[in-house]
Amino acid sequence: MKIATWNVNSLNVRLPQVLEWLGSAVPDVLVLQEIKQLTEKFDNDAFTEAGYKSLASGQKTYNGVAVVSKTPADGVVTGFPGFDDPQRRVLASTIDTVRIVNLYVPNGNNVGSEKYEYKLGWLEALHGFLQVELKQYDKLVVLGDFNIAPDDRDVYDPVKWGDDILCSPAERAALRKIMDLGLSDVFRQFDQPEATFSWWDYRAAGFRRNAGLRIDLILASESMANSCTASYVDREPRTWERPSDHTPVVAEFDL
DNA sequence: ATGGTGGTCCAACCA
């Protein structure tokens, strides 16, 4: 089972690229973030023609998540129980007996800002949600745009970046607490090239300088981590004309 | 610290 995540920064713009990538990479599951369109604008037909089922939880202009899969998804959840949030950032579903939790974690703007406090509260709610999910599902994969670089290897210039947003101690502690529930970063189960990133700022020629961060993560429960056979970043779509600022991250499982 | 680029949508916000 090949599972991938991609923050597409508007599916209105990037649908042709997503279809192109589905055709060449042929994942069983692809989760998308920042589709930036209402659920009713989501083009299920385009994915049907490509041989995929699809499902979205969208909103206008901002956020929005979707899941595209070879076999249909069920048991769909679009938020954390008891955590009221108009922002569409969560899409959990079960596909081929695997629980797939697609996340678009808040960016947080700046350490100490109102958006930063929202991010930390959101991560606390995520922790509670995943605690319950892990009790219910042995085979669990939590993936998406985490907007957190787990450690210094995941940052192009950790000294320059310092404790700024996406790297602050409180964000990393929140991620660690979530992983301590029994979820591991499958990318680090394998040898990886140094300076492998999943996001590069559009500004200041980030991609050309490889000035990036690895903030798109695939976390797996113990049984899924044990069956993971590969995980890698596919940089190619970031080289395309008018790209997203993120590129797909992939994990393969032998179930 | 600022500004650089890009998406949404036309002023300003978000990343």
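First the proteins, then the strands, lettered A, B, ... as listed; each starts at 1.
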To the nearest Å, give me how far apart [atom1] ([X]) and [atom2] ([N]) are.
| X | N | atom1 | atom2 | value |
| --- | --- | --- | --- | --- |
| A:Gln87 | B:dA15 | CD | C1' | 13 Å |
| A:Asp164 | B:dA15 | CG | C1' | 15 Å |
| A:Asn63 | B:dC14 | CG | C1' | 9 Å |
| A:Asn109 | B:dC13 | CG | P | 12 Å |
| A:Phe146 | B:dA15 | CZ | C1' | 18 Å |
| A:Asp216 | B:dA15 | CG | P | 14 Å |
| A:His246 | B:dC14 | NE2 | P | 16 Å |

If the [atom1] atom of [N] is compared with that of [M], how far apart are they to the nearest Å?
| N | M | atom1 | value |
| --- | --- | --- | --- |
| B:dG6 | B:dC10 | C1' | 16 Å |
| B:dA11 | B:dA1 | P | 31 Å |
| B:dG4 | B:dC9 | P | 24 Å |

What does the B/S/- profile of nucleotides 3-11 of chain B look like, 5' to 3', with a 4.0 Å heavy-atom cutoff to protein?
-BBSSSS--

Do [X] and [Y] touch side chain to side chain, with heavy atoms closer than 4.5 Å?
| X | Y | result |
| --- | --- | --- |
| A:Asp151 | A:Arg176 | no |
| A:Val90 | A:Thr78 | no |
| A:Tyr52 | A:Leu22 | yes |
| A:Asn147 | A:Pro106 | no |

Could you provide the dot-bracket string of DNA chain B, using ( ) for intrastrand pairs, [ ] for crossing pairs and | for bases paired to another strand, with Watson-Crick or G-U pairs below 3.5 Å?
....((((...))))

Between [X] and [Y], does any side-chain N to carboxylate O distance fall below 4.0 Å?
| X | Y | value |
| --- | --- | --- |
| A:Arg209 | A:Asp157 | no |
| A:Asp74 | A:Lys53 | no |
| A:Asp96 | A:Lys139 | no |

Geometric cation-pi criterion A:Lys36 and A:Tyr62, 6.0 Å radius, 45° cone:
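No, cation not above the ring by the 6.0 Å, 45° rule.
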
What does A:Phe207 touch in the nucleic acid at a heavy-atom separation under 4.0 angstrom: a base, only the sugar-phosphate, or nothing?
nothing

Are the aromatic rings of A:Phe42 and A:Phe47 close, with centres under 6.0 Å apart?
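Aromatic pair counts; centres sit under 6.0 Å.
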
